Amino acid sequence: MQVLFRTEKEKLTVYLSGDIDHHTSAQIRQSVDEQLQKFMPKELRLDFRDVHFMDSSGVGLVMGRYKAASVYGCKVVVCSMPDNVARIMKMSGLSKIITFDED
Amino acid sequence: MKVLNEVKITADAKSVNESYLRVAVASLAAQLDPTVEELSDIKTAVSEAVTNCIVHAYKMRTGKIYITARLCENQLMIIKIRDTGVGIPDIQKAREPLFTTGGDDRSGLGFSVMECFSDKLKVTSKEGKGTTVTIYKRIRGKSVNEP
């Protein structure tokens, strides 16, 4: 599990990789929230292209970041989900409040 | 029901073991020649059950998780995940989508995901004694996609 960040203008992109479960999501949450507070972006983009495994902890992670980001008036976009990630994300109904991007 | 192979694992209820346990059960399932999707289903369902033991049954305190994984005839896999934690007072409520007692960053989807990714899910629990989740998964394998 590794988290990389890229900032451009008012957008913070988070590149997630490896496994997202209850154990790793605690570390991911901490590092994303640190960057959020630091940059206070207008858009938080969560990129899942290199995530090999995710359980419902990943949904909780996105839900929590949505709440954290909305404090700054920041919108959340989830993108590049592999099939196994997309299946769980779609079960959650999160697409009603968060934009799902193909790439 | 004839059991062809059985593996038992006892692990500390520590979140660092989540990855080991789902991979170990998936490795056993690999003997039935599953598809990539079926393997992913098993890993996810086991991960949800194990997380429930750690977060809810033992509330992040110490305890043991007992897993019995069986390969049975007719490509059936049965995975039993047991804890001796607090138990679930209302199983029906716990299985409702989005219901959680786990706080802010828990999605409340654990049981829904387990149900969705298995063929049958059995949950028994006794307050103060613990909970047993049994996941039934038929491994149809690659043959199902062939004409």
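Here the structure is a predicted model, which means the values were calculated and not measured. Note on naming: letters A, B, ... go to the chains in the order of the sequence lines (proteins, then strands), and numbering restarts at 1 for each one.
- With rounding to the nearest 0.5 Å, the separation of CE in Met77(B) from CG in Leu71(B) is 5.0 Å.
- Annotation for Tyr136(B): hydrophobic cluster partners, listed by chain and number, are Met1(B), Leu76(B), Ile78(B) (ILVMFWY side-chain heavy atoms under 4.5 Å, direct or chained).
- Under the side-chain hydrogen bond (donor to acceptor under 3.5 Å, both in side chains) rule, Arg22(B) has a single partner from Ser40(B), Ser47(B), Ser27(B), which is Ser47(B).
- Hydrophobic clustering (side-chain heavy atoms under 4.5 Å, transitive across Ile, Leu, Val, Met, Phe, Trp, Tyr) keeps Val77(A) apart from Ile20(A).
- When each of Val16(B), Leu98(B), Thr51(B) is scored by its heavy-atom pairs under 4.5 Å with chain A, the top score falls to Val16(B).
- A donor and an acceptor atom, one from each side chain of Glu6(B) and Thr68(B), are nowhere located under 3.5 Å apart.
- Residues of residues 22-41 of chain A having a heavy atom under 4.5 Å from any heavy atom of chain B, listed by number: His22(A), His23(A), Arg29(A).
- With hydrogens and angles disregarded, no donor-acceptor distance shorter than 3.5 Å links the side chain of Ser70(A) to the backbone of Gly73(A).
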Identify all side-chain donor-acceptor contacts of residues 1-13 of chain A below 3.5 Å with residues at least two apart in sequence or on another chain.
unit_1  : atom_1 : unit_2  : atom_2 : d
Arg6(A) : NH2    : Glu8(A) : OE2    : 3.2

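- Listed options Asn17(B), Ile54(B), Val36(B), Asp41(B) were ranked by heavy-atom pairs under 4.5 angstrom with chain A; first place goes to Asp41(B).
- A 4.5 Å side-chain heavy-atom check between Cys53(B) and Ile81(B) finds at least one atom pair inside the cut-off.
- Side-chain contact of Tyr66(B) with Thr132(B): a donor-acceptor pair under 3.5 Å is absent, judged by distance alone.
- The residue among Asp21(A), Val59(A), Asn84(A) with the most heavy atom pairs within less than 4.5 Å of chain B is Asp21(A).
- There is a path of hydrophobic side-chain contacts, each under 4.5 Å, that joins Leu109(B) to Val76(A).
- Applying a 4.5 Å heavy-atom cutoff, the residues of residues 113-121 of chain B that approach chain A are Val113(B), Cys116(B), Phe117(B).
- The residue among Met54(A), Arg65(A), His52(A), Arg87(A) with the most heavy atom pairs within less than 4.5 Å of chain B is Arg87(A).
- Taking the charged nitrogens against the carboxylate oxygens, Lys64(B) and Asp83(B) have no contact shorter than 4.0 Å, which rules out a salt bridge.
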